[in-house]
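See below for the structure under consideration.
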Amino acid sequence: VWSWTHELSSGALPQTVTRVPTPAVATPESGDPMVLVAIPFHGGVARVAALRWNGTLLWITGPDELMGQADAGVAVCPGVGGDSAVVAAVTWSLATGSLDPVTHVTLLDADTGSVRWRTDWNTVSSAPLSLERALCPPVLHDVDGDGTADVLVLTSPDVGAFSGSNGSLL
């Protein structure tokens with residue numbers, strides 16, 4: 001049995017942080033099983049941390065890799081065809097100078113935590129802020145049949161499918 005604590009000392013939690021996202025489990029190319037945790041808000045942005053089974057930190061995203069705040073857990077897809085496993089994270093922030101939320105979709109390499117791509121999605125729907133946020137984890141599935149897992153994101157009332165290759169909206 002082990003525990004891991006991430007200090008939230010470099011930024012006060014905003015009132016909008018109402019939940020801690022569910023962790024995910026993955027076994028990437030390295031063969032070392034890991035637990036992936038979305039950290040809702042740390043120093044102004046969300047983070048994703050990968051922990052080994054013994055609770056030691058494998059990697060954590062830096063302050064410039066994700067944007068905004070995380071309300072949803074991450075999704076993991078094992079490597080296919082020699083490609084390494086990936087981690088999808090969905091976060092949100094308010095557009096500059098407005099109350100319109102922007103959804104940020106980020107695909108990370110599961111072995112290293114490095115960003116493969118990040119895209120911003122302004123859904124421009126009329127849903128209230130509390131509904132527009134992505135509250136459930138993304139889904140990784142090959143939607144377009146090209147052999148690469150694409151990222152599906154749900155915000156109320158919108159669903160977006162993003163190319164696993166480059167993050168473009170399908």
Side-chain angles (χ1 to χ4, degrees), residues 6 8 11 13-26 28 34-51 59-78 83-96 98-144 148-170:
H6 180 69
L8 297 174
L13 287 173
Q15 291 181 348
T16 53
V17 174
T18 58
R19 66 196 55 80
V20 175
T22 304
V25 176
M34 64 175 67
V35 177
L36 294 143
V37 180
I39 301 164
F41 189 83
H42 177 73
V45 295
R47 304 276 182 103
V48 174
L51 308 170
W59 54 259
I60 187 168
T61 55
D64 298 325
E65 293 171 333
L66 298 180
M67 295 190 65
Q69 175 179 318
D71 288 312
V74 297
V76 183
C77 182
D83 199 10
S84 61
V86 293
V87 177
V90 59
T91 57
W92 70 276
S93 64
L94 296 178
T96 304
S98 82
L99 292 178
D100 294 328
V102 175
T103 301
H104 312 284
V105 184
T106 307
L107 195 69
L108 305 167
D109 183 281
D111 283 316
T112 64
S114 62
V115 174
R116 290 203 178 174
W117 54 257
R118 183 179 70 212
T119 190
D120 298 336
W121 182 37
N122 189 346
T123 61
V124 297
S125 69
S126 59
L129 174 61
S130 61
L131 295 177
E132 183 97 15
R133 295 160 35 188
L135 299 177
C136 60
V139 173
L140 288 160
H141 182 75
D142 185 8
V143 175
D144 58 8
T148 301
D150 303 307
V151 183
L152 300 170
V153 175
L154 170 68
T155 65
S156 181
D158 303 296
V159 178
F162 301 87
S163 168
S165 299
N166 59 25
S168 63
L169 195 59
L170 295 176

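Scope of the values below: all heavy atoms of this structure, side chains included, with no hydrogens, waters or symmetry mates. All residue numbers in this chain count up from 1 along the given sequence.
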Among [options], which residue satisfies the side-chain contact (heavy atoms from CB on, under 4.5 Å) criterion with [X]?
X      : options                : answer
Trp59  : Thr112, Asp111, Leu108 : Leu108
Ile39  : Thr61, Val45, Ile60    : Ile60
Asp120 : Thr103, Val105, Val102 : Val102

Closest contact, heavy atoms only, [X] versus [Y]:
X      : Y      : answer
Ala38  : Ala72  : CB-O, 3.7 Å
Arg47  : Pro63  : NH2-CB, 3.5 Å
Gly160 : Leu169 : CA-CD1, 4.3 Å
Ala89  : Leu66  : CB-CD2, 4.4 Å
Glu65  : Gly113 : OE1-O, 4.3 Å
Val76  : Ala26  : CG1-CB, 3.2 Å

For [X], which residues count as a side chain to side chain contact (heavy atoms under 4.5 Å, CB included) partner, sequence neighbours excluded?
X      : answer
Leu140 : Ala75, Cys77, Val86, Ala88, Leu107, Ala149, Val151
Asp144 : Asp142, Asp146, Asp150, Leu170
Thr22  : none
Ser93  : His104

Candidate pair Asp71 and Trp92, rule side-chain contact (heavy atoms from CB on, under 4.5 Å), full reasoning: CA-CA 8 Å; Asp71 288 312; Trp92 70 276; 2.7 Å; yes

If you round to the nearest 0.5 Å, how far is CH2 of Trp117 from OG of Ser165?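 Those atoms lie 9.5 Å apart.
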
Could you tell me the separation between the CE atom of Met67 and the OG1 atom of Thr119, rounded to the nearest 0.5 Å?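 Met67 CE to Thr119 OG1: 11.5 Å, rounded to 0.5 Å.
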
Go through it in stages, so that I can follow the logic: the residues are Val48 and Val37, the test is side-chain contact (heavy atoms from CB on, under 4.5 Å), and I'd like the CA-CA distance, side-chain angles, deciding distance and then a yes or no. CA-CA 6 Å; Val48 174; Val37 180; over 6 Å; no

Check ring pair (Phe, Tyr, Trp, His ring centres under 6.0 Å) between Trp121 and all other residues, then give those that pass, not counting sequence neighbours.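 Expected list: Phe162.
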
The criterion is side chain to side chain donor-acceptor pair (under 3.5 Å); which residues satisfy it with Arg118, sequence neighbours excluded?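 For Arg118, no residue satisfies side chain to side chain donor-acceptor pair (under 3.5 Å) once neighbours in sequence are set aside.
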
